[in-house]
Structure formats: C-alpha cells, structure tokens
A.B. asks: 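After the structure tokens below, expect a handful of questions from me.
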Amino acid sequence: MALRFPPRLLSQLKLSRRLNSLPAPVSEDSEDESLKFPSNDLLLRTSSNDLEGSYIPADRRFYNTLLKKCTVFKLLIQGRIVHAHILQSIFRHDIVMGNTLLNMYAKCGSLEEARKVFEKMPQRDFVTWTTLISGYSQHDRPCDALLFFNQMLRFGFSPNEFTLSSVIKAAAAERRGCCGHQLHGFCVKCGFDSNVHVGSALLDLYTRYGLMDDAQLVFDALESRNDVSWNALIAGHARRSGTEKALELFQGMLRDGFRPSHFSYASLFGACSSTGFLEQGKWVHAYMIKSGEKLVAFAGNTLLDMYAKSGSIHDARKIFDRLAKRDVVSWNSLLTAYAQHGFGKEAVWWFEEMRRVGIRPNEISFLSVLTACSHSGLLDEGWHYYELMKKDGIVPEAWHYVTVVDLLGRAGDLNRALRFIEEMPIEPTAAIWKALLNACRMHKNTELGAYAAEHVFELDPDDPGPHVILYNIYASGGRWNDAARVRKKMKESGVKKEPACSWVEIENAIHMFVANDERHPQREEIARKWEEVLAKIKELGYVPDTSHVIVHVDQQEREVNLQYHSEKIALAFALLNTPPGSTIHIKKNIRVCGDCHTAIKLASKTLVNTIASNVELESAVLLASSWSKITPTSVMTYDAAKRSKLESLTL
DNA sequence: GTAGGGTTAG
C-alpha cells in the first residue's frame, strides 16, 4: 500500500503532486524497531482519504528538498510525515538521509526526536555527532553538547571545524565553564584555531569569561575576518560595558570594509544605553539611517530601549512608531519604557492596545505592566494584571512575585505584602524579601524591615544593598545604636558598599564624579555654582533631608556633606560647561538618594523657569521627562538590569 | 548532511 501525503502538507510545502506518489509510512505493527517512532503521530494526522495513491520510487534529491523546507520553515509535523515516508523507502538506513533527518528535528527544536533518530541510526559518522552536538548547543543545552562531544572523541571520531565551533559555543554558555582553555588547546592541536568560524566562537567564549585580551589575541590571529568575527568582538565589549572599545571596533569594522548588520547595531545601542553614551548612540543611529538600513525589530528594540533609558521617552516612542516590523519584544520594550518613566496609565493603555491588535503578551509583557502599575501606585490595576496573567496560562515566576510585593509594598499595604509572600507557591527568593525591605524603608516600618532584612542576609549575604537600607531604616527612625550594629556587621562580614559615582557627557567626553570630589580642577567653580543652585531651590522650599546621613556629626555638617553627593557635583559641572538651554543627562551607577532626587527636581524646575522668563540664561536640567511622577529609582540609574541598586548614602 | 555573533525585566 502506498500513502498520499496529507493535502495540508502539500499546500504548506508548495510542492508538486509527485509527493502523493511516494511510498507509505509504516504502521505501528511493523516488526522493525527502527521504523516505529514517527508513525503514531503520523497516523493520528492522516485521514483515510490520504491512504490512496500509486507507488513510484522516491529519489534522494526529492526527500532532501522536502526536509530542507521543513528545516528552514521549522515545519516539525510535516517533517515527521516525510520521516515516516523515508522509513518505508530504500533510504531508511542511509547515513546521509539519517543526518538530514536528525538535523531537521534538531533545528525544529525537537531534541528528543533528534536523539531518537541518533540512537536508532545503524551507522553514524562525524557529521551525525556534529549535528546532534550543534542541536544541543543551539537550543540552550550546553551540558548535553559537551557530554556528546566527549563521547564522540571516545568513539574515535575526529571533530572538524563545524563540531568545534558548536562545542565552543556550548562551553561559552556553560556557567561553570572551565573547559574553554582546554578546547582552545584542542583547536590549536587540530589546526582549527585560526579558522574564522572556530575563532569567532573562541573569541566570543573569551569575552564571556571576561578575558578580553585573550579574545583580542584570537581575533588578531584569524586567517580571515568576516562580519561575524567583528560582531562577536564588538558584542563582547558591549556586554561588559566597554562602550568606547566597542565603538572603536565598530569603526575598525567599517575601515575593514564590512557592512554592519543588525547584530552590530543591537550590540552598540545596548552598550551606549547601559553606559549613558547617548551622543555616541545617536551617532551610530545616524550612521544606520545613512546606510539605508531598515529599522526592524532586533536593532530597533535596542534603540528604543537606548532612548528610553537615556531619559527620552518621546524618542523611544518615535522609534516604536517607525519600526518597519514589530515583535512582542518591541511592545515589551515600549511598556518597559513607560514603566521606567513612571507613566503607569500609558503603559496600561499600550498593554491593552497590544492585546487589541492581536499580540499575545508574554511573561515579560506582564512583568512590565506590573512594574508600571507598581511605580505609579496603580494598586488595583496591578492586581488585575497579576490575576489576568494567571488566567492567560502564564505561571508567575519569582520576578513576578517580586513585582507584586513591590506593588503592595509601595502602596503602603505592608501586611498584605507579607501575607502574599507567606502564601506564595514558591520559596521566597532574596529579591522578594528585598522588595519588602525596600517598601519598609519607604514607609518607615522598622520592625518588618528588620524581619525582611534577616531573610535577605540569609539568602544573599554578599549584597551590600540590604545592609545599607536597614541602616537607613534604623537611622531615619533615630535608632542609631541599631544602625551602628548594622554597620559593624557589614565591616565584620567584609561586605562593601559600591562607591557611588555620577557621570555626564559633554562634547563627546564623559566626566565622572564621586562624592566630595576634591581633586577636580574646577572644584571651586563647581562649589560656587552649586551654592547658586542651592540658593534658588531653597526659595522653592528645598529643605535638606539629613535624616539618615552620618551618625556622629552635627546637623550643619550633615547638610554640608549632603551637598557634595556626586550627582549634585555632576550637575553643577554640567551647568558650568554647557551652553544655555542645553539638555543635561546625568547617569549614576546606583540609586539616587531621596535628597538628591528632591534637590534636582527643584533645580530642574527653577532653571527651566529662568529660561522661560528670560531673566537669566542657564542650561536646562532635564534628567527625565516627568520628575514629579517618578520614584528615584527610575531616573538616575543606568543599566538597571545588570547593576545592583543601593542607596547613595555615605555611611 | 554538520558551524560562530544580537533584543525586552529586576
């Protein structure tokens, strides 16, 4: 009996009627074990009308064309049907056909089926092994890739450049990674270390290990370079905030005659965003436009994020509007942008719009809208989306619970937040307790704060942030003895607070400041300028918030110390060194303190007013588009995803 | 028949 291919398969594959002349797949009662596994699925999907047709022998090229289509378009179901037909043909034990099938399953992401094909193959060659290894490597199963590479060697097969680039990618992804150097040595022995594919994988591995010099050595030794090798190096530096180096490499790539791709642009925008190099980011954007590159999702999403993180929600929105093609990440990036700027209602509107146009929100969409609600005090809306997420079949993960605790906590319902933690179906993580701790700081709840802090110390003892927050909670409540105890504990356990610094970009140079910066050549002018600003903001009602600054000094000294936080110095410096009316963006490595938040908010107001009334021309201070609506967290931080956040208070 | 580089949260 011969079997017709189901009509759906034909239309999807857009192939000729010849398909229906192919031999039938086997049924379940076949005696040959190796022929069994795809038929269950096939029989379920094949109607009785399909079970007619005449037999002509299949040819290799025809099967290859079919499998290639299934592989490229990830048509797993159709691939299974083709598989079933092959099993009935003379190619059922053919090694090349087996490898093609294995590759089809691997590329479609069905690694279990790929593995079954592998196990049932009567013969295997180095391509068989390589295909399985690359399947694991490309689908985030580095351990399996490394395991099979070991086995491949044990069985006496020699890896080629395909095998090595796959296994190096796996080694780079394996967190406990320690086999990178061994693999490099192996490549040198085989003579593959300067191959452009192997070398690109190797230099990528070194950048992920943080060994940038080794990555450069591999790059320099490549027998030839291509856009991928350049992009791997650029991305490596971009990931480690080596923005200047990434930009320098970008120019090197252009000099070398390679056209930047979306990979290059995405890396560079990401790097500029995380370090606050907005001007350079704009330059790269301009270059992209000049090159005639279309603004599509991958690079476009990163560009949107860059403008949003740099304080320009309007530019972020423009990018979203101009995207030639949007995907779920584009929508999420927009939601995140609104959330970060404190535009909760706008985020909620766009979330609904997203659903209206038929984009299914994923776990990050919900996280973004929850964050937006939390930061804007939209308690009921936030709770509604938390319930909706569960109804939509998305199982909340730890990060969602963190946001719900944050939502309840910020709104001041600390007891409900605690109850929520106690009733969660997962074990509370350090981040969840940190959210409660932070809420306790905002609402000055010392007892619950201490309770949350104890849990954090147990789960994440090395993070200095919670120690600082607990210190602040005690200090602002006047419990100086308890505060001193926290400080002592920090010293004893060797936990160190990351020093706060702020930086500002002026004429393509980045100027960085630390608190009480005494070595700066313009320190006296800076101090005078800040005094001017201080006088103006005091007129608007600024009162220094010294509630948790320095334990054993008097009020006057506390106030003085407060005036030399790095962001205030950066602002005064920027006012001195920019033309009137300029926009000033100040970036900071850690969370801005409450006092600086208030001071700069008022400074922004007074200076902008000054310009408007044309009394005195001054630079406009515009750290974010909506100061009054946002919490300190969302403004002067950078690279929020990667850097720890703690209070910028001097202990 | 097999390979390397990129995005959204906290």
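Order of the sequence lines sets the chain letters (A, B, ...), proteins ahead of strands, with each chain counted from 1. The analysis underlying the following values was restricted to heavy atoms, covering all of them including side chains, and did not include hydrogens, waters or symmetry mates.
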A.B. asks: B/dG4 P sits how many Å from A/Asp140 CG, rounded?
C.D. replies: 13 Å
A.B. asks: Looking only at side-chain N and O atoms, does A/Asn301 come under 4.0 Å of OP1 or OP2 in B/dT8?
C.D. replies: no
A.B. asks: Are the ring of A/His197 and the six-membered base ring of B/dG4 within the stacking cut-offs of under 5.5 Å and under 30°?
C.D. replies: no
A.B. asks: Between B/dT8 and A/Ser368, is there an OP1 or OP2 to side-chain N/O distance shorter than 4.0 Å?
C.D. replies: no
A.B. asks: So what does A/Lys107 touch, heavy atoms closer than 4.0 Å: a base, only the sugar-phosphate, or nothing?
C.D. replies: sugar-phosphate
A.B. asks: Round to the nearest Å and state the distance from A/Ile95 atom CD1 to B/dT2 atom C1'.
C.D. replies: 12 Å
A.B. asks: Consider the side chain of A/Thr131, meaning its heavy atoms from C-beta on, and name the nucleotide among B/dT2, B/dG6, B/dG4 that approaches it most closely.
C.D. replies: B/dT2
A.B. asks: Between B/dT2, B/dG4, B/dG6, which one does the side chain of A/Arg208 approach most closely?
C.D. replies: B/dG6
A.B. asks: Charged N to carboxylate O under 4.0 angstrom, A/Arg60 versus A/Asp94?
C.D. replies: yes
A.B. asks: Considering only side-chain heavy atoms of A/Asn226, which listed nucleotide, B/dA3, B/dG4, B/dG6, is closest?
C.D. replies: B/dG4
A.B. asks: Is the phosphate of B/dT8 approached by A/Arg326 (side-chain N or O, under 4.0 Å from OP1 or OP2)?
C.D. replies: no
A.B. asks: Nearest whole Å is fine: how far is B/dG4 P from A/His184 NE2?
C.D. replies: 18 Å
A.B. asks: Base, sugar-phosphate or nothing for A/Ser261? Non-hydrogen atoms, less than 4.0 Å.
C.D. replies: base
A.B. asks: Report the nucleotide, chosen from B/dG4, B/dT8, B/dT2, that has the shortest atom-to-atom distance to any side-chain atom of A/Asp305.
C.D. replies: B/dT8
A.B. asks: In terms of ring plane angle, is the pair A/Tyr338 and A/Trp350 parallel, tilted or perpendicular, where the classes change at 30° and 60°?
C.D. replies: parallel
A.B. asks: Nearest-Å distance, CG (A/Asn195) to C1' (B/dG4)?
C.D. replies: 9 Å
A.B. asks: For B/dT7, does either OP1 or OP2 sit under 4.0 Å from a side-chain N or O belonging to A/Lys325?
C.D. replies: no
A.B. asks: Is it the case that atom NZ in A/Lys325 sees more than 12 heavy atoms from other parts of the structure closer than 6.0 Å?
C.D. replies: no
A.B. asks: Which one, B/dT8, B/dA3, B/dG4, comes nearest to the side chain of A/Lys169?
C.D. replies: B/dG4
A.B. asks: Looking only at side-chain atoms of A/Thr336, point me to the closest of B/dA3, B/dT8, B/dG4.
C.D. replies: B/dT8
A.B. asks: With a 4.0 Å cut-off on N to O distance, would you call A/Asp144 and A/Arg115 a salt bridge?
C.D. replies: no
A.B. asks: Out of B/dG6, B/dG10, B/dA3, which has the shortest distance to the side chain of A/Thr371?
C.D. replies: B/dG10
A.B. asks: Considering every strand and a 4.0 Å limit on heavy-atom distances, what is the contact class for A/Asn362: base, sugar-phosphate, or nothing?
C.D. replies: nothing
A.B. asks: Could you tell me whether A/Ala235 contacts a base, only the sugar-phosphate backbone, or nothing, with contacts defined as non-hydrogen atoms closer than 4.0 Å?
C.D. replies: sugar-phosphate
A.B. asks: Could you give the CZ-to-C1' distance, from A/Arg239 to B/dT7, as a whole number of Å?
C.D. replies: 13 Å
A.B. asks: Taking the six-membered ring of A/Phe320, is NZ or CZ of A/Arg326 closer than 6.0 Å to its centre and within 45° of its axis?
C.D. replies: yes
A.B. asks: Would you call the rings of A/Tyr265 and A/Tyr287 parallel, tilted or perpendicular if under 30° counts as parallel and over 60° as perpendicular?
C.D. replies: tilted
A.B. asks: Looking only at side-chain atoms of A/Gln340, point me to the closest of B/dG4, B/dT8, B/dG10.
C.D. replies: B/dG10
A.B. asks: Just to be sure I understand the rule, does A/Asp406 reach a base, reach only the sugar-phosphate, or reach nothing, if contact means heavy atoms closer than 4.0 Å?
C.D. replies: nothing
A.B. asks: Compare the ring of A/Phe162 with the six-membered ring in the base of B/dT2 and state whether they stack (centres under 5.5 Å, planes under 30°).
C.D. replies: yes
A.B. asks: Please state how far atom NZ in A/Lys309 lies from atom P in B/dG10, giving the value in whole angstrom units.
C.D. replies: 8 Å
A.B. asks: To the nearest Å, give me how far apart CD (A/Gln138) and C1' (B/dA3) are.
C.D. replies: 8 Å
A.B. asks: Roughly, in whole Å, what's the span from OH in A/Tyr307 to P in B/dT7?
C.D. replies: 18 Å
